[in-house]
Amino acid sequence: MSGYWDPHIERMPLEDLHALQEDRLKSVVRYVYDHSAFYRQRFKEAGVEPGDIRTLADVSKLPFTRKVDLRDNYPTGMFSAPKSQVVRYHVSSGTTGKPTVVGYTKGDIETWSESLARALTSIGLDSDDVVQVGYGYGLFTGGLGLHYGAERIGAAVLPVGTGNTERQIELMQDLGTTAIACTPSYFLHIMEVAEKMGISIKKDTQLKAGIFGAEPWSLETRKRIEEATGINAYDIYGTSEISGPLFTECHVKKGIHVWADMFLIEVLDPKTDEPVADGETGELVFTTLHKFALPLIRYRIGDLTIMNSEPCECGRTHPRIMRILGRTDDMLIIRGINVFPSQVESVLMDIPEVGDHWEILVDRKGPLDMMTVRVELTSAGFSDKIGDLMKLRKKISKELKGVLNIAAEVDLVEPGTIPRSMGKAKRVTDNRKV
Amino acid sequence: MTEIKQISLFVENRPGRTAKVAKTLSDAGVNIRALTIAEAGDFGVIRMVLDDPEKGYKVLKENAFTVSMTDVLAVEMKDTPGGLYEIVNTLGQNSVNVDYAYAFVTAKAQRAMLILRVDDIAKARRVLGEKNVKIATKEEIQAI
Ligand SMILES: [Zn+2]
């Protein structure tokens, strides 16, 4: 059992929490209107003024913002704080087009650290822990974000960053790392390298928790990691636009708590922009309630999720979002059907003959899109009878089709042949000429 | 009776893979007694009888190959027409299924040897023995 970092806020009765959100929503709307020409213009176009926002429900009157707005206003056109108050920038390299710049006041860094301090405490970490930060440091928010969060709870931080995997494993042993934060695909690589070095994460290290995110991963992958290493694997969520990694699951592992005093979330039907009910899938929309350099109003991150606003077994009243199903940016459209790489992952990781690493290739043959899924065959899955291997290939193909509704070619490949990643895994290669 | 251990490998159909297998074994001083490749389009299975299967298995595994060890029978084929038929027919009549088979000859051995993977190795040994088919021992294969 773990305690709370800020019990007063984390267990606040819903009524009080909503009142606090309402106050903060009104303030942030007034603040951006007064401080950002961008928002003033947007509000004007939408025919809304700060005075129109009286209740939480009035949030629906506000205009949406998107990543494209950050790009169009590169570098700091959407900022609300003057440069003198900005103490840090992070920059995300856009895979397409211009990068996006985010900024923080001193208070924004505090809020960010506070958010992660609550999260890390909710998975049972405290000042006795050694937290190995295997996210990239630098312009990417992952490394420094976790670093500040872990320091705030008084844990010892091991700022290894990405790469140099053998050294990571040695340090993990020598310094008694108890928690690691990195991408799930990088942790799978660490597991593989440890095995090659003859080190059992279960027996030879003190690792008890993994904080995995920055890319979608499935429950099946969680199961594999937990069974192989004996650790508890927790999902972490956040993107640079809303500060960086901010929220994790609590020890109950039934959704990621989004701190309602800091953020107002909506889950909307992407077609109608109307809220969907608890338990239904929709697009996640963030309004920052306590962020000053770059506040965001109704920011459409493009992630699909399911909200649960019931208080949690852990005693926290803040709403939870279920595992992110996929980012709309990552969605592939193959023969007119939407395919999320995370769906492919959940099918594959449930098949014991399939190794931990896989990739999707998309090609166009004539008028037809072709999807090929390449999987590494495990030693346990290897039969020296060709017929068995053909059957396995058929089985994988059939299970993919059952979930995706489209046929996929399956290639069985030798272990170690699919590229390993240190950061976000590149699972998809789309060779279609658009 | 210790059975003969066959080493099987999963390989993608890429240039140089079979050569890599051969090099890995020869660097370790392991000799290949017999080898066959079964292909299925973009991948295949290499099956081998080695003079030191334990060592071969270990070095291949260390070199990240997907490898398994399987019990097989090595039987001598009579140097007359119908030699293969007799073996396969005997097994079939006694409802022993043959998963696969491949033959090899060596300079020292008098006759061709047939490697068989069957679903019931003990029964195969018995029914072939009754027909006076000579079954090679592990030591004999190692000494070839
Ligand atoms: Zn909880």
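Lettering of chains follows the sequences in order, A, B, ..., and the numbering in each one begins at 1.
A 6.0 Å sphere centred on NZ of B:K23 holds no more than 12 heavy atoms belonging to other residues, nucleotides or ligands. Heavy-atom contacts from other residues, nucleotides or ligands closer than 6.0 Å to NZ of A:K208 number more than 12. Heavy atoms from other residues, nucleotides or ligands lying under 6.0 Å from NZ of A:K391 number 12 at most. Environment of CD in B:E54: crowded, with over 12 heavy atoms of neighbouring residues, nucleotides or ligands closer than 6.0 Å. Residue-environment remark: NZ (B:K134) exceeds the threshold of 12 foreign heavy atoms within 6.0 Å. Residue B:K131 places its NZ atom among 12 or fewer non-hydrogen atoms of other residues, nucleotides or ligands, all under 6.0 Å distant.
Contacts of B:S68 with chain A are made by both backbone and side-chain atoms, with heavy-atom separations under 4.5 Å. Looking at B:V11, the atoms closer than 4.5 Å to chain A (heavy atoms on both sides) sit in the backbone and in the side chain alike. Contact annotation for B:L9: only backbone heavy atoms (N, CA, C, O) come within less than 4.5 Å of a heavy atom of chain A. Heavy-atom distances place no part of B:E62 under 4.5 Å from chain A, backbone and side chain included. Contacts between A:T378 and chain B at a heavy-atom distance below 4.5 Å involve the backbone alone (N, CA, C, O).
Inter-residue side-chain proximity for B:E39 and A:I386 is flagged as unmet; no heavy-atom pair is nearer than 4.5 Å. Two residues are said to be in side-chain contact when any heavy atoms from C-beta on lie closer than 4.5 Å; A:R393 and B:F43 meet this criterion.
Distance check, rounded to the nearest 0.5 Å: OG1 of B:T66 to CG of A:L412 gives 10.0 Å. For the atom pair CD of A:E376 and CZ of B:F10, the computed distance is 10.0 Å after rounding to the nearest 0.5 Å. With rounding to the nearest 0.5 Å, the separation of CD in A:E414 from CZ in B:R17 is 3.5 Å.
In terms of non-hydrogen atom pairs under 4.5 Å with chain A, the most contact-rich of B:A38, B:S8, B:G41, B:A40 is B:S8. Heavy-atom pairs under 4.5 Å with chain A were tallied for B:D99, B:N13, B:I46; the largest tally goes to B:D99.
Using a 4.0 Å cut-off between charged side-chain N and carboxylate O, A:R374 and B:E12 make a salt bridge.
Residues A:D384 and B:R117 share a closest heavy-atom pair of OD1-NH1, 2.5 Å. For the residue pair A:S383 and B:V45, the shortest heavy atom distance occurs at O-CG2, 4.5 Å.
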